[in-house]
Amino acid sequence: MRSIRFCSVALIGLLAVTGCTSRHAPAVAPATPAAPMIPATLSPAQLADIWDREHVSWPVPPLIRHADVEAKLREVQQATPDLFHLEEIGRSVEGRSINHLWFGTGPYHVLLWSQMHGDEPTATSALFDILEQVRRHRTEPRVTSLLGALTIHIVPMLNPDGAERFQRRNAQGIDINRDALRLQTPEGRILKALRDRLNPPIGFNLHNQNWRTSAGKTGQPATISLLSVAFDEPRTESPGRVLTKKVCAIIRDALEPLAPGRVARYDDEFEVRAFGDNLTKWGTSVVLIETGPWPAAEPDPYLVRLNFVALMTALDALATGRVQQADRQRYEALPINEGDLFFLLVRNATVVAGTGVAPFTADIGVVASRAIRSADCQRQTRFAARIEDLGDLQTMSALESIDATGLVAAPLWDPALKVGDVVALPDFSARRAPHVIAPGEPAELVILKEQGGTYRIERIIRY
Ligand SMILES: [Zn+2]
């Protein structure tokens, strides 16, 4: 962990350096994919194993700052200058560099950009793992086929000002992904200029989605949602959209062994202002990859690994031509995103709400989003959680459910309480807890088991 002071100094130092180390513009993309070549494809399980052994990404993507990305890009390029090319393609509202790194000599150009929304960092890490993979294995057939067929362009952090604040929007307060037509954000203009210069036939728009997202009505989290982005209201199926549907089908089949039932399809409604939709219209057919929830206290390694497997598999399928054999029905048949998954569901509790009302039976639905806490010059990720719903929630699903049948849920009245303590339940009319159990309140409660007039603390819920 580094101090905030050190980070600030490092950032200023890096911003003073010109980021451009190479300005050789790549050639314009041809209209058709490469012919099938070397079938040196790795299975999803093999790619996952490789990621476990060889990944270089930071342990927690939300803590990655612009200075880290800038330094890492420079390090990668300077270590292997015959493989990687780097240029600064512009500056954010607050003057942070936006960088374009590319590699490969193939005629078919692919553009990938991440962190258009500053608080959506998972794919940024996966992109650095791909660079490491290419560097390490550049002489093996599976990589030489990639490098010979494709030229791969990445913009790992399109919204560095938003990333610095861990917020969706840029420093103007604009959602860059609704600025494709008006182009009032420098970040949006930079992306459009790069697309226009390269004119790649395919692009990957890399995001994170809300942790409430489930894969249809299955109750499973939508850990990865895919979209072949439309370019008009009727969602016309052009050759480019057929290609992106096939790429999505390839990714689905790669990920389902690693995340069974947790791959979904993003809503394909046309959004006239969005970048994916307009890039597709301008000639770069876009695959949207949205990374969603994973039910673990430390979800990041699982999520980065899935992104790595998805992108490596998709690039390989494009390079070898394998994508042309994909069945696009595998994409069409994916469950559609739903948005009512809870982070935590306490089921069938006797609720002592702390508001003065008599105890009642209810389920308690908690939602959460990721946040960054800065304390004592250290930055940490945490979940910001609140009670979203209360009542009969038996038709709902959650990342984690607690069966509280026969148990009491009460506000956390004392932060010093521990699991296993045996306590008397306070009279909440005389002693207010910091937060009551009600929709909109922070999720701070205890689950208690009555033991002949006293209560044993079974679980403390606090984030
Ligand atoms: Zn997003």
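Just so you know, these numbers use all the heavy atoms, side chains as well, and skip hydrogens, waters and symmetry mates. Both counts, for ligands and for their atoms, begin at 1 and track the order of listing.
Around the Zn ion (ligand 1), protein atoms of type N, O or S found under 2.8 Å number 4.
A salt bridge (charged side-chain N to carboxylate O under 4.0 Å, His left out) check over residues 111-130, counting only residues at least two apart or in different chains, returns the pairs E120-R168.
Atom CZ of F308 is surrounded by more than 12 heavy atoms from other residues, nucleotides or ligands within 6.0 Å.
Ring geometry for F383 against Y463 counts as perpendicular: the plane angle is over 60°, on a 0 to 90° scale with 30° as the lower cut.
Using a 4.5 Å heavy-atom threshold, the side chains of I89 and I190 count as touching. Using a 4.5 Å heavy-atom cutoff, the side chains of T244 and V286 are not in contact.
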(Q) Does L183 form a side-chain contact (heavy atoms from CB on, under 4.5 Å) with K192? I'd like the steps, not just the answer. (A) CA-CA 9 Å; L183 292 172; K192 177 157 192 326; 3.6 Å; yes
